Participant: 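Dropping the structure in here first, questions after.
Residue numbers begin at 1 in each chain, while the letters A, B, ... track the order of the sequences. Quick caveat, the model's predicted, so the values are computed rather than measured.
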Amino acid sequence: MHDNLRAAPRLATLPKAPSGIEGLDEITEGGLPLGRPTLICGSAGCGKTLMGVEFLVRGALEYNEPGVLMAFEETSEELAANVASLGFDLPALQAQKLLRVDHVHVDRSEIEETGEYDLEGLFIRLGYAIDSINAKRVVLDTIESLFSGFSNQAVLRSEIRRLFRWLKDKGVTTIITAERGDGSLTRQGLEEYVSDCVILLDNRVIDQITTRRLRIVKYRGSTHGTNEYPYLISEEGISVLPVTSLRLEHRVSDHIVSTGIPALDEMFGRRGFYQGSSILLTGTAGTAKTTLAAAFAQEVCRHGGRCLYFAFEESPHQLIRNMLSVSIDLEPHVQDGRLIIEASRPTLNGLERHLVTIHKLVHDFKPTAVVIDPISNLISVGNVNEVRSMLTRLIDFLKVNNITALFTSLISGSLQMDTTEEGVSSLVDTWISVRDLEGVGERNRGLSILKSRGMAHSNQVREFVITDKGVELLDVVVGPTGIITGASRLVRQLQEQEQELAARQELARKDRELARRRRVLEATIANLRTEFESVEEEFRQLNTEEHDRKTGQVKNHRKATRSSSPSDAAGPADQQPNS
Amino acid sequence: MENQPVAATEDFKEDYWELRLYVAGQTAKSVAALANLRKYCEQHLLGRYRLEVIDLLVNPQLAEGDQILAIPTLVRKVPVPIRKIIGDLSNEERVLVGLDIRPAGSTTTR
């Protein structure tokens, strides 16, 4: 990141010292002004000292720049104890000559003033501390303590001005902390004018939830982010959000991950979501958003992926039990470490804390998919704008890391279909809507895809049912008044069955009719044949008689012509019946 | 002094001043402070004080020990408690009050 900024071809860029504080270097576009003083001001409990200490520690560890901490309020031991919880080992750094802590004790009761004086002693001490470890960084915490120790304001003000000048000439990058004053950035109204960069820390309680914010008030000679950025004091120091790049330049994947429901896959042109895309699942109460999300989580784990599931409504055990009832068994995946269910109430933390928790878990667990169920609950922690900006950062973060993200969101029925309360619908790549299709005294669940960037998708509203075998999408049934669901669907199916039965019966009847006709035809044919046979027989009879008659005539004729030879005549007459 | 050492030291412990003046080089304020201090000491603490002048330009590491910020600073190490007087010590009355020194005239009344 820093290398990129440094490598950018720019003319006479102001040299900057990277602070090493997560996120701060992005907002300041590279870090604090190198060799110049920076003021960090804020009210009590903002983490001014911590930011200063982290600046020194990171400088020492990551950039090999030793630092001097001049503490006006806490002793070296107190400071070391206070930051030990963040993993900063000040005594070790001091032993390595990477850090020098000089506690300056100012007690008015010990000091009598008479005549003119200056603060050369402070300069000498600081100069000695810087030279002894060749320091590049200096933190003065909190310089205004001097004002309580010395009564001559005019001298102090001119000396502090001289100190800033002197620090610049020394070429050390300095952080000065200051308490915030009424109506001005600092109590003395001095430091902010002599500093080259002013960072304002703010600790705000809105609706009983504390949010810390950081703003860069001025930065001489450099552009900088001007917004208020939330920041956190986490276990690893200060983390200023955004912790990710706000530029849209992440690489994308062409890999497809299944939704976990085969029929739903079919509704997408490429049979699933793109790996690394963000999916929003919206629906009213009880529309099985969690079930769909769990199905997705299970599918990811089944294919060797790792899934991080943030449940803001149910405990892990409750989720596992409930999902088991619809044949989504998450338990084995939890046990073999592929699935982590992180359950907490949204109100447990502020939004930024949630974001950091997510970041931290993602960083440690390296999941391929993240499910957040539901994001709408986060509304209870912050207002819409805050939630939106948090989700933007979250979506960006996950996209940059090529992690598929599925968010569920509860929408109230009164809202327009195409808006979500968080207004994140424009941020996501795929938007699936589940809703109640109410009518004829019952509710049914319908699912549709509102958008899917980068692939074709079905435009149908599919009814789906949750059975003990899982989620099933039903085929679309279109009736005269639109799609038909639930009982109407059953009625329709029954009607269709009846119609089919009737058609079959009609067919059978026609078959029988045909058979009957065939039988009639065959009977008729047989009848005709019988008639024909009797005619034929009669004809044959006649024929025979005619023949016999003719034969008789011939015989008689022969008898008449050959009376002299009776033996001849007897021969043929005997043979004839046999032939 | 030698004939009653025990009593003398006990008395002197009450009345002995160990002073340290921190300066930074020969600045006008430092020179003035030193000159003023010498004058008061000779006047009120003759023989009952020890004065050490520390130049922080020469020994900067010594500044931390006595929590020196302002220059010049006069530190009364003994008698305790430690008191600090900053400035060029031009106001005699304040210096004497600060060091808890009774002016020379009043010591005899005791």
Participant: Would you mind telling me which of A/V106, A/I111, A/D118, A/L126 has the largest number of heavy-atom pairs within less than 4.5 Å of chain B?
Facilitator: A/D118
Participant: Is A/P33 close to A/R220 at the side-chain level, that is, under 4.5 Å between some pair of heavy atoms?
Facilitator: no
Participant: Can you measure from CZ (A/F88) to CG (A/L93) and round to the nearest 0.5 angstrom?
Facilitator: 9.5 Å
Participant: What I want to check is whether the side chains of A/E144 and A/T186 have a donor and an acceptor closer together than 3.5 Å.
Facilitator: no
Participant: Okay, side chain of A/Q153, backbone of A/F147: is any donor-acceptor separation there less than 3.5 Å?
Facilitator: no
Participant: Can you tell which part of B/L89 gets under 4.5 Å to a heavy atom of chain A, answering side chain, backbone, both or neither?
Facilitator: both
Participant: Which region of A/F150, side chain (C-beta onward) or backbone (N, CA, C, O), has a non-hydrogen atom less than 4.5 Å from a non-hydrogen atom of chain B, or is it both or neither?
Facilitator: side chain
Participant: Looking only at heavy atoms and a cut-off of under 4.5 Å, which of A/L119, A/N152, A/V155 has the most pairs with chain B?
Facilitator: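 Ranked by contacts with chain B, first place is A/L119.
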Participant: Any side-chain to backbone donor/acceptor pair from A/K48 onto A/S43? Under 3.5 Å, distance only.
Facilitator: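 Yes.
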Participant: As an exercise: rank A/D131, A/L146, A/I124 by heavy-atom pairs under 4.5 Å with chain B and give me the winner.
Facilitator: A/I124
